[in-house]
Amino acid sequence: MNISREAIAKEKLKPLFDDPLNLPFGRNFTDYMFTMDHSGSGWQNPCIKPLQPLVLQPSANVFHYSQEVFEGQKAYKSKKNEILLFRPRENARRLNRSLQRLCMPEIPEDMFLEAECELLKLEERWVPSQKGASLYIRPTVIGTEAALGIKASSEYLFFIILSPVGPYFKEGFNPVSLWVSDTYSRAGNGGTGEAKTGGNYAGSLLATLEATQKGYSQVLWLDAGEHRFVEEVGAMNIFFVLDGNLVTPALGGTILHGITRKSVLELAPELGIPVVERRIAIEEVIDGIHDGKLTEIFGAGTAAVISPVGKIAFGGRDHIVNANRTGPWAEKFFATLTGIQYGDSADKHGWVYRVK
Ligand SMILES: Cc1ncc(COP(=O)(O)O)c(C=O)c1O
């Protein structure tokens, strides 16, 4: 791919790295962005240029019919000063599945990866070197055609922006509290739940607001049909240590195919815990907490890697998990995954991609 480049007039004075471990999520951005457009005859005009506002007509498809998909990844700096990505081809594949579902043109995997790598090489100084901090990557595709008819856009924009971020946990692991909504659902059968598209997140905001107003940090989503089976937690996949097995809801169209989830499932047998993917009812979770069969719950996703759960509100009361402490399996998966991501441990699975 022949990427054109526009230089920035003046680089930002100093990356905001006085205290990288306290960088907020997604508020500071680097100097450059990648863009590429599509108007019926394939992806064209790849460009790395100064980060700038987009100019779109108010009638652009994305504002009205939400043809929008995105990805979330991180670049890590190793002790040897390498820039590392974690399973980036999985993100490229998931982006293409999301694009297909939203009737948008796919991006060849190699093109996606080259765009990310070229931007990251240019923005190397923005990748924090402290373990726990990283450079968050947000590839996004939007429908840009200026037309109000309800149909797929004939024009698209692909862009990548980068944001240095601190760790999700500032003082080690803090178990989060969950609120089970008996009103709202995140995704229904045949819908767009397994696509990473903005509408899914817009639809989840009201439930999250109610949860936080009640003093809980995340929503535990149940299935839309019976409102009984556990699906995801906030924007993470969920795991239970139940009867000595690692149990997670099976993917069935409504759950995002998390790359952290996939990695946890692949690591589990090596770490000595059998995995089970199946439906799991909220009653089984609550009973397990009280009869001692369920010893740990944790979420898994790129932002937090592993997030232990200490409390679930269901049926009008709080149910405390593992005495509201981080459990040994959450610790083990967190240490193993971050060890691989920062290049500290052997990469037996070939998951690490060296940008440079
Ligand atoms: C709804 C939802 N589920 C799960 C995940 C976890 O996916 P991953 O591990 O690929 O970050 C995310 C975050 O990307 C998400 O937004």
Side-chain angles (χ1 to χ4, degrees), residues 25-26 68-76 85-99 101-102 112 116 134-141 160 163 165 167-169 176 178 181 184-188 191-208 211 217-224 229-240 246 248-268 275 277 297-309 330 333-334 336-338 340-341 349 351-353:
F25 184 81
E68 189 265 5
V69 307
F70 64 99
E71 271 303 318
Q73 299 165 254
K74 283 175 172 175
Y76 308 90
L85 295 174
F86 184 69
R87 311 188 78 174
R89 286 194 180 271
E90 294 288 341
N91 294 92
R93 287 180 203 127
R94 185 170 66 189
L95 182 77
N96 281 329
R97 286 198 302 273
S98 302
L99 286 168
R101 180 64 183 82
L102 273 284
F112 172 86
E116 285 196 338
S134 56
L135 187 60
Y136 186 78
I137 309 168
R138 174 51 62 90
T140 308
V141 189
I160 306 174
S163 170
V165 296
Y168 191 83
F169 299 113
V176 296
L178 309 185
S181 169
Y184 304 109
S185 304
R186 199 192 77 92
T192 55
E194 70 177 19
K196 211 163 161 59
T197 181
N200 291 340
Y201 298 81
S204 74
L205 296 177
L206 187 56
T208 310
S217 68
Q218 307 274 329
V219 176
L220 180 63
W221 298 105
L222 303 182
D223 74 291
F229 295 97
V230 175
E231 299 217 315
E232 301 198 56
V233 51
M236 291 182 284
N237 296 109
I238 190 159
F239 288 87
F240 304 92
L246 188 64
T248 193
L251 302 172
T254 55
I255 296 174
L256 194 84
H257 293 220
I259 294 157
T260 320
R261 174 188 184 277
K262 185 177 166 118
S263 308
V264 166
L265 289 175
E266 288 167 28
L267 287 171
V275 296
E277 292 178 76
I297 305 179
F298 58 86
T302 297
V305 189
I306 298 293
S307 174
V309 172
F333 282 109
F334 181 76
T336 308
L337 282 165
T338 53
I340 298 169
Q341 288 165 341
H349 298 268
W351 287 344
V352 172
Y353 186 94

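Counting starts at 1 for both ligands and their atoms, following the listed order. What you see below is based on every heavy atom in this structure, not just the backbone, and it leaves out hydrogens, waters and symmetry mates.
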Would you sort out whether Y201 and K196 count as a side-chain contact (heavy atoms from CB on, under 4.5 Å), showing the intermediate values?
CA-CA 9 Å; Y201 298 81; K196 211 163 161 59; 3.3 Å; yes

Using a distance-only test with no angle check, is there a side-chain donor-acceptor pair under 3.5 angstrom linking N200 and T192?
yes

Listed once per pair and sorted, the salt bridge (Lys or Arg N to Asp or Glu O under 4.0 Å) pairs that draw on residues 254-265, sequence neighbours left out
E90-K262, R261-E277

Ring pair (Phe, Tyr, Trp, His ring centres under 6.0 Å) with F239: which of F334, F298, F333?
F298

Just to be sure I understand the cut-off, which residues have at least one non-hydrogen atom under 4.0 angstrom from an atom of ligand 1?
R94, R186, K196, Y201, E232, A235, M236, N237, L256, G258, I259, T260, A300, G301, T302

Taking NZ, NE, NH1 and NH2 as the nitrogens, is one of them in E232 or R186 under 4.0 Å from a carboxylate oxygen of the other?
yes

Answer yes or no: is there an ion pair linking E71 with R94, defined by an N-O contact shorter than 4.0 Å?
yes

